[in-house]
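Accompanying notes for the structure given below.
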Amino acid sequence: MNPVEQRTISKISWRLLPLLMVSYFIAYLDRVNLGFAGAAMSKDLGFTAAVFGSAAGIFFLAYFLFEVPSNMALERFGARRWIARIMFSWGVLSAAQAWVGGSTSFNIVRFLLGIAEAGFFPGVIFYITLWFPAAYRARIVGWFMFAIPISTVIGSPISGYILNMDGIGGMHGWQWLFILEALPSLVLTFFVLMYLPDGPKDARWLTDEERNWLQRTLDAERANRESINKISWKQSLLNPRVIGLGFVYMGITVPLYGLSFFLPQIIKGFGGLGNVEIGFINAFPYLVGAIAMLFWTRASDARKERKWFLLIPLACIFLGLVLAAQTSAPVPKMAAVTLAAFGIFSALPTFWTLPTAILSGTAAAAGIAWINSIGNLGGYIGPTIFGTLKDRTGNDFYAVLFLAMLSAVAVGLVLIIGHDARTEQAASPGRA
């Protein structure tokens, strides 16, 4: 690595990643704190597991419908203004969940929340392609997505304490949970407006030499990708590989959101545990996943290997969930869930190196959003079917097996698509 490259990557990493990570930390916490609110909220409002799961999942239905338009708007209006708009609107609507009074209002607010947040995650993934060459993307996306497990590691105990505020100010603990955990996103809106540049040309903190190296490297990579596989944004929506990648991503998101929304309730079913204890136990699989995410992505970048670094975690998801379905004993069940968490959080950032290696420009903005849209339908399918199966069977055996089945389908799709390191190497001209 030459000195200019080293300086440039270090500068943009320290300047951009902390703000993006904190933003996604808050976004994800606002998205999954519903899992902690679920038991008390369902009891107070009379929700069955199916009603709760459907309302939890309808967020992702809206997300699916508005993801691509939102990402296209981000490219048109700039990352700074559009990401700030997303954060403000999701903060307001996340807090509004505190005042739902039944299934209808709950579904409406969750649907509007999905519209508000649509475009944030794929927008940031697209934004990363504007700043970081391909050789760095697994670890950069890994650091960004590190916010997912860490939001649960930190947020689980905090959520447990907030739930114990039941009765303060005449409100339930779950109402305080939605209100207090929405406030940081409103504050961060102003930091995004002040500190997030739209692209390298706006980075006054880079020298001319650093900016020129970065732009030259990114332009060369884009030219190489387009010489191999140039498609328009409309073609990207119909491209079989892009659609296939969307269903691979669904094989990761279905287990992710199924566990996010229902694991606290599964732990509560062990019996004799308070809110704070449930929070700490719930945090453990995510802590393991967070550590695995960082080491796994660094190894993937070092070896320039993507396919096997995705297949192995997918296999761990399947095995972990199958084992979790077989037992109701607390320790073996949590050990199996932890294996699945290792797979989920190792697979997530590695997966996103695949679409960014074959898409560029407007096609990348639309294609990444489309993949994320298809994948995040898993956020609707997972909780909805999980809740329905749990209601009908009275346990989580078939519900957890359903999550495992989707990860097995993802393994098959990765083998069929057959993307490996050679595609990425062909798309990368080397370092200047």
| request: Taking the six-membered ring for Trp and the single ring otherwise, decide whether the centroids of Trp370 and Phe64 are under 6.0 Å apart. | output: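 Judged by ring-centre distance (under 6.0 Å), Trp370 and Phe64 do meet the cut-off.
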| Aromatic ring proximity Trp99/Phe178, centre distance under 6.0 Å | no
| said: Using the rule given for side-chain hydrogen bond (donor to acceptor under 3.5 Å, both in side chains), can you reason through Trp82 versus Ser70, listing the C-alpha separation, both sets of side-chain angles and the distance that settles it, and then say yes or no? | reply: CA-CA 9 Å; Trp82 197 252; Ser70 181; 2.9 Å; yes
Look only at the side chain of [X] and the backbone of [Y], and say whether a donor-acceptor pair between them is shorter than 3.5 Å.
X	Y	result
Ser185	Ile26	no
Glu67	Ala118	no
Asn107	Ser103	yes
Thr350	Ser346	yes
Lys333	Ala324	yes

| said: Before you tell me yes or no, could you show the steps for Phe146 and Phe25 under ring pair (Phe, Tyr, Trp, His ring centres under 6.0 Å), namely the whole-Å CA-CA distance, both residues' side-chain angles and the distance that decides it to 0.1 Å? | reply: CA-CA 8 Å; Phe146 187 66; Phe25 173 93; over 10 Å; no
| said: Between Trp296 and Phe342, does the ring pair (Phe, Tyr, Trp, His ring centres under 6.0 Å) criterion hold? Intermediate values first, please. | reply: CA-CA 10 Å; Trp296 199 257; Phe342 164 83; 5.7 Å; yes
Give a yes-or-no answer on whether the side chains of [X] and [Y] include a donor-acceptor pair shorter than 3.5 Å.
X	Y	value
Ser13	Trp143	no
Thr129	Arg137	no
Glu181	Ser94	no

Any [X] side-chain heavy atom under 4.5 Å of [Y] side chain:
X	Y	result
Leu20	Tyr127	yes
Trp352	Met145	yes
Thr48	Phe52	no
Val100	Leu45	yes
Glu305	Ser300	no
Phe351	Leu245	yes

Does [X] [atom1] have over 12 foreign heavy atoms under 6.0 Å away?
X	atom1	result
Phe247	CZ	no
Arg15	CZ	yes
Phe284	CZ	no

| task | Please assess Val68 against Ser373 for the test side chain to side chain contact (heavy atoms under 4.5 Å, CB included), listing each intermediate value before the final yes or no. | result | CA-CA 8 Å; Val68 173; Ser373 295; 4.3 Å; yes
| remark: When Thr297, Asp301, Thr353 are each screened for side chain to side chain donor-acceptor pair (under 3.5 Å) with Arg139, the one that passes is Asp301
| request: Decide side chain to side chain contact (heavy atoms under 4.5 Å, CB included) for Trp174 and Gln97; before the verdict, give the C-alpha distance in whole Å, the side-chain angles of both, and the deciding distance to 0.1 Å. | output: CA-CA 9 Å; Trp174 59 266; Gln97 293 175 105; over 6 Å; no
| Check ion pair Lys268-Glu277 (N to O, under 4.0 angstrom) |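 Salt bridge between Lys268 and Glu277, a charged N being under 4.0 Å from a carboxylate O: no.
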| said: Walk me through whether Val248 and Leu310 qualify under side chain to side chain contact (heavy atoms under 4.5 Å, CB included). | reply: CA-CA 10 Å; Val248 171; Leu310 180 58; 4.3 Å; yes
| How far does CD1 of Ile154 sit from OH of Tyr286, to the nearest 0.5 angstrom? |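 Rounded to the nearest 0.5 Å, the CD1-OH separation comes to 14.5 Å.
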| said: For the CE atom of Met165 and the CG atom of Leu180, what is their distance to the nearest 0.5 Å? | reply: 5.5 Å
| request: Would you sort out whether Phe121 and Tyr24 count as a ring pair (Phe, Tyr, Trp, His ring centres under 6.0 Å), showing the intermediate values? | output: CA-CA 8 Å; Phe121 176 80; Tyr24 196 40; 5.6 Å; yes
| request: Specify whether Phe144 and Phe120 have parallel, tilted or perpendicular ring planes, treating 30° as the upper limit for parallel and 60° as the lower limit for perpendicular. | output: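 Phe144 and Phe120: tilted rings.
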| task | Evaluate side chain to side chain contact (heavy atoms under 4.5 Å, CB included) for Arg392 paired with Leu389, printing each intermediate quantity in order. | result | CA-CA 5 Å; Arg392 291 185 177 180; Leu389 289 173; 5.7 Å; no
